[in-house]
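Structure, as structure tokens:
Because the structure is a prediction, the values reported are computed rather than measured.
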Amino acid sequence: MAKGEEYVKYMAEQFVAYIETPREERKQTRTSAKARREPWLTRWFGWGPVSIMLWWRGRTERHR
């Protein structure tokens, strides 16, 4: 039962900290976190599909 109480206490502290931060600061934090995250293609499939995509783009541009 103590773990449940600790979890509730932790969640309450996180919620209060979230509410106390200004809206603009929360928005800036969210924007910077999105900018740091790598693209979905590499996150899901690694660098293989990205390298194929780059190769294919280079191939089609050379044929024009």
### Connected hydrophobic set around Val16, excluding itself, where side chains approach under 4.5 Å
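For Val16, no cluster forms, as it stays isolated from other hydrophobic side chains.
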### Task
Starting from Trp56, walk the hydrophobic network (Ile, Leu, Val, Met, Phe, Trp, Tyr; side-chain heavy atoms closer than 4.5 Å) and list everyone else you reach, by chain and number.
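Trp55, which link up through side-chain heavy atoms under 4.5 Å apart, make up the rest of the cluster.
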### Task
Would you please test Tyr10 and Gln14 for side chain to side chain contact (heavy atoms under 4.5 Å, CB included) and show each step?
CA-CA 6 Å; Tyr10 170 75; Gln14 293 297 312; 3.4 Å; yes
### Message
To the closest 0.5 Å, what do you measure between CZ (Arg36) and OG1 (Thr31)?
### Response
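Result: 11.0 Å between the selected atoms.
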With sequence neighbours excluded, what pairs up with [X] under the side chain to side chain contact (heavy atoms under 4.5 Å, CB included) test?
X	result
Arg30	Arg26, Lys27
Phe45	Trp40, Leu41, Pro49
Arg37	Arg43

### Joint cluster assignment, Val8 & Phe15, ILVMFWY side-chain distance < 4.5 Å
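Shared cluster, no.
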